[in-house]
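Because the structure is predicted, anything quoted here is derived from the model rather than measured. The chains referred to below are lettered A, B, ... by the order of the sequence lines, with proteins before strands, and numbering in each begins at 1. Heavy atoms only: backbone and side chains are in, while hydrogens, waters and symmetry mates are out.
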Number of protein chains: 4
Amino acid sequence: MSGNKIGKMFNVTTFGSSHGIALGAVVDGCPAGLEISNTDIQSELNNRRPGTSQITTSRKEKDEVKILSGLFRGKTDGTPIVAVVFNREMDSSAYENLRNNPRPGHGDYTWQARYGNYDYRGGGRGSGRTTIGQVIGGAVAKKVLDTLDIKVISHVTQVGIVRANKMEPDEIELNVKMNSVRCADPEAAPRMEALILHVKEQGESVGGVVETIVLNAPAGLGEPVFEKLDADIAGVLMGIGSVKGVEIGLGFKAAEIKGSQMNDEFYMDDQIIKTITNHAGGILGGISTGMPIIARMAVKPTPSISKMQKTVDLESMEDAEIIISGRHDPCICPRITTVAEASVSIVIADHLIRSGFINPVKL
Amino acid sequence: MSGNKIGKMFNVTTFGSSHGIALGAVVDGCPAGLEISNTDIQSELNNRRPGTSQITTSRKEKDEVKILSGLFRGKTDGTPIVAVVFNREMDSSAYENLRNNPRPGHGDYTWQARYGNYDYRGGGRGSGRTTIGQVIGGAVAKKVLDTLDIKVISHVTQVGIVRANKMEPDEIELNVKMNSVRCADPEAAPRMEALILHVKEQGESVGGVVETIVLNAPAGLGEPVFEKLDADIAGVLMGIGSVKGVEIGLGFKAAEIKGSQMNDEFYMDDQIIKTITNHAGGILGGISTGMPIIARMAVKPTPSISKMQKTVDLESMEDAEIIISGRHDPCICPRITTVAEASVSIVIADHLIRSGFINPVKL
Amino acid sequence: MSGNKIGKMFNVTTFGSSHGIALGAVVDGCPAGLEISNTDIQSELNNRRPGTSQITTSRKEKDEVKILSGLFRGKTDGTPIVAVVFNREMDSSAYENLRNNPRPGHGDYTWQARYGNYDYRGGGRGSGRTTIGQVIGGAVAKKVLDTLDIKVISHVTQVGIVRANKMEPDEIELNVKMNSVRCADPEAAPRMEALILHVKEQGESVGGVVETIVLNAPAGLGEPVFEKLDADIAGVLMGIGSVKGVEIGLGFKAAEIKGSQMNDEFYMDDQIIKTITNHAGGILGGISTGMPIIARMAVKPTPSISKMQKTVDLESMEDAEIIISGRHDPCICPRITTVAEASVSIVIADHLIRSGFINPVKL
Amino acid sequence: MSGNKIGKMFNVTTFGSSHGIALGAVVDGCPAGLEISNTDIQSELNNRRPGTSQITTSRKEKDEVKILSGLFRGKTDGTPIVAVVFNREMDSSAYENLRNNPRPGHGDYTWQARYGNYDYRGGGRGSGRTTIGQVIGGAVAKKVLDTLDIKVISHVTQVGIVRANKMEPDEIELNVKMNSVRCADPEAAPRMEALILHVKEQGESVGGVVETIVLNAPAGLGEPVFEKLDADIAGVLMGIGSVKGVEIGLGFKAAEIKGSQMNDEFYMDDQIIKTITNHAGGILGGISTGMPIIARMAVKPTPSISKMQKTVDLESMEDAEIIISGRHDPCICPRITTVAEASVSIVIADHLIRSGFINPVKL
């Protein structure tokens, strides 16, 4: 029990670090009989992979997945699915100067405080590269969701002060793959890309907002008091590195308004109970309403910037300075879309089983 | 496993509902040897209790705690601590008209979708009254935190569009008890109270923002990948009824700025590593830095309003209308401060044990 | 997490101690819609209750159950079911001489080693009286099992050197209530009773064997590698105080024989796959076969005997002697039958839900 | 949550199957700072490995371990330790005739009942080969135990009707490696070997008893009510394939005797509290006494025998016959010693952390 597992019935344990031999995940509790292929996982990993455009880090990794167990004749057999990605590019000399100087905004110092050591080579297990595990788990979860036609999609709604216009779910799904910033608003996307390139030139980074939407989730998902669907979603999203805030539905806007402005009134739509508005973001009392589930997360600017910063020297215990070189994403939002989709997909798959919508043993 | 438990090593299982016989909690995993009294728990329950001012519901409950087990000669003995509050006031006739008409903004409909029934009498277990269990657990957690001089304080920073000025921790602790709205800013507090009374007269409700601060938490608390300290805090705060958003440190502001504006630089302060700023809200890489931990939550306006609203009839499956009578808080923020403190205290106590700062068996 | 919970999906947390205010259980994860009454629980508690015959302790307790939450109009509503029994008879003066002298064969010393204190008054939470919690949980579990017509029955097969003859399940069910020793063999029962009364007169105690049988469990229950059905049954049975051994099917007899003598051959019986023999005790590869599940447990003689015994003084840390007075069961086997039934029923109910035979949320 | 994990704080998730690509384990919750090498794990795997003597299966596997993550400069870094063994020898044609005919005594049929399919190639994940995962986890656990000088040793005490004489712990440790049957009694060992070779010639198999001893465990290990040390040990041992019974201390002998014969009296030995006898097997009230912990397990004869057996055809659902060819251990006891050591080591490591004897985060 040291925080490397997500989910209860359908659960994903991840492992591996930035400069170790391999990263990967154990997906346990997936029902037998689900068709899944290398490609299903690889395509999600490709979405997460860096080096695919000018606005991401130039670290080149093929991130080829290898499934070690859990499949029998192309289907899950009910046993743990293990998939790994071996690290290729292993030059860690660029990180040598970080050995005793924790980087501001990174987990270096807190890992040192906790474990008595930290892997200065690219963040070790604290690296964003560990999200490979989540993405593997999310790829399997998505296949579970497919059986009920549930979709999870993510897009970037804000980069710095550039905000996208509100779009409809089908537009989002269509547009989000048409630009490298993964913004569904074709008007805002180029301005976001320009801003990212601008801060990159400055040796700077910039934050943003990512939104994740779940379509077709049935009403009735989520536990009642502590493991509410929104609580679990908030937990996994806040657990993604660089995320500093999470909203469901109207989020912080709800703080400003009155009850009559917030409440979503019910109506019958062809024998199905729906709400006229969806300010609640698809969740009431911690349980899904059947309307789209909508979550947004605030992403901080990547802490690795090339400007000189103040730090301390852990050996001499004196003030020090640091300049970070190496390759980094100037804005991590586009790549976080994949991780957010994976994380939310795992939560939904878990609750589908926990709530009896999917048999826990076999499809 | 149905979502009534919070915490892993130090954990709290809550039970009971709005109009049942009793509500309470089982606190398990509390080390032996901790002095604790009825008063320690009762005083927290009194903070949560309604009916203490004009701006809360007029439901009168004494909420007297009774400890059933777990103590031996005034100290915890390592066995489960069970404390209950018996419900007194049981008139549920006011709720009869809700029997088949789910209230907009409430969990009535989603509980129906999930369980096939819902307790229309004041929300049943979905009622805010179930937070009695959390507050009992939080009271025990606070005693654990006391042993390391760790404090958890909460205050209201926004009601509707009225925002409090930023205050220092010691001011907050001092001021927050001086007004019924639990706002630390003496200038904003009366304006918040006026706004709450105003919406109450309108038969309306209003949202707000509550901030929770943890002081003196050691560096090194929190798991690395999924059960990060911020993830766990976000999970429990989002799990409180009416919360629609959670921020750590700068939160959504972080989305707008650059890396150099966000990063907290390190410095040595008398052999202790600190950060000059605390934009991270005391958590980096999911692990505490030793700086104050700062979380904020967006609270939606109470869904119970006395205006006519559209709903459906679950029996006839046709559109319907509803007018909610009964007693309700026009703004739940002041009372949520106590629940937020309790929830975060439980998370911190749990991680203190999980991280080896406190012996899991005996003090 | 301190070992007061049993089960995962369907789980039971017990609390309370021998001389505290109350004992009881929280049953969580029970599906909504299950009819259950006070009587269902009370009748199981009555089976466990002492003072009902000459061969049990003379401690008189009414053990009246009070349900605090979890029911709505006579049915489970999906929220935690909490039931308690208040302790009545509270004279603990008989235990004063045990304050610093741990009783041989009891948990006094090990609790002291672990928690730094022990409740010398009748064993505190280490007392057999804490099994009230299990029996409450088991009563609810049995109602879950009823929905699939699954029965769990226990009987005493050995007391000291007196062994019962092998009986058929329906005989066991019928006969076991016809004598105070709960032995299904009408020939052995009186000899067992005589032996118990004999050792009681000597100020002694005696051990025995209890067998628990599960009828009508479907094939397919149990996890594959670590949470096998037999592993979980062995865990809960060994966890009952005084149990020193657990067998499934042939048990230790299997060590002596050859493969051809052990293997249960398959055959078709009216389109159902059965085994000719049932040496495996209904479990293969950790998963139920559909044949009766058969477990036996070795119960040690009650450690409380009235003979002088050597012990140590925890204050002076010197050798000491102890004579235990008070009321004790000379043979705990008859009362363990109820606890074993409850424990196994909880395991089966949990696996029925985990394996998808019963919906986790509502019936 | 599907039963592939053992342990709570220190936990081991295993994966992989008999004829898949790889088998292995994720060891999570191991404190940082523990020195561990490939050799530490490989030497345990070599103990488990078949093909090393005449009395085991002739399947040849090198079982070379590869550590994928969790180490940094030769020490654990607090992140999940993942180690795998790739399967080499993959001819599964010998199993083709088992495709629809479940083998008596094996898990084939119950896996089919549960998952709708089973891996007929050598038992799939139900194969004894999956214990590679446990052994990897046990190797890491043993390194944790080393820091407190705790030893776990296993030996064979019975094969069929051949019983070993009782030996002292240091004799056991010394003698057990001197014969292929892993029996500490030099007089019984050759007779056991002869018996095994004899049944092998007959195309038969034979059962036996394995004993596992824990030396130097401190008093105070184990939870009080449900996750007792003996309950957890019984759970993991009963969870090993082919185990049908578990005893602690006197075990089933305790059923026959009186309290005065069973109770272990206390005495002071150089300021340490000990018991004169150790009939309890080192555990009282579920918590360790500080005396040696002694567990025994009954191992059934290997179900794979070369005699014709009755079975059913899963396709035609008619009676059928089966003759099993392939390579099998005629007596699995010698190889189970390694798995039992691993399993118990994991339980002890877990409880050492849960009970506060070892810091959960770093050594």
Side-chain angles (χ1 to χ4, degrees), chain A residues 1-3 5 7-11 13 26-34 68-72 76-82 144 147-148 217-229 232 284-288 290 348-363, chain C residues 1-3 5 7-11 13 26-34 68-72 76-82 144 147-148 217-229 232 284-288 290 348-363:
Chain A
M1 193 185 72
S2 66
K5 199 179 89 164
K8 294 208 159 178
M9 291 288 284
F10 180 95
N11 65 71
T13 302
V26 179
V27 184
D28 202 7
C30 183
L34 184 73
L68 298 186
S69 68
L71 300 186
F72 184 51
T76 57
D77 60 6
T79 73
I81 303 159
V82 178
V144 173
T147 66
L148 294 180
L221 274 187
E223 304 287 351
V225 174
F226 289 126
E227 293 169 0
K228 289 173 168 166
L229 194 59
D232 277 10
L284 279 176
I287 300 169
S288 63
I348 301 292
D350 187 31
H351 277 282
L352 283 171
I353 295 176
R354 291 168 62 176
S355 299
F357 289 94
I358 285 185
N359 187 290
V361 174
K362 61 186 166 208
L363 292 177
Chain C
M1 193 184 70
S2 65
K5 201 179 88 165
K8 294 207 159 179
M9 292 288 283
F10 180 95
N11 63 72
T13 302
V26 179
V27 184
D28 203 7
C30 182
L34 184 73
L68 297 186
S69 68
L71 300 186
F72 185 50
T76 57
D77 60 5
T79 72
I81 302 160
V82 178
V144 174
T147 66
L148 294 179
L221 275 187
E223 304 288 349
V225 175
F226 290 126
E227 294 169 358
K228 289 173 169 166
L229 194 59
D232 277 9
L284 279 176
I287 300 170
S288 63
I348 301 292
D350 188 31
H351 277 282
L352 283 171
I353 296 176
R354 291 167 64 177
S355 299
F357 288 95
I358 286 186
N359 187 290
V361 173
K362 62 187 165 207
L363 292 177

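When all heavy atoms of P360(A) and I353(C) are compared, the pair lying nearest together is CG-O, 4.1 Å.
Contacts between I358(A) and chain C at a heavy-atom distance below 4.5 Å are absent for every atom of the residue.
Taking T13(C) as the reference, nothing meets the side-chain hydrogen bond (donor to acceptor under 3.5 Å, both in side chains) condition, with sequence neighbours excluded. Taking the side-chain hydrogen bond (donor to acceptor under 3.5 Å, both in side chains) definition, one finds that S288(A) meets it with nothing, sequence neighbours left out.
Side-chain contact check for M9(C) versus M9(A): some heavy-atom pair is nearer than 4.5 Å.
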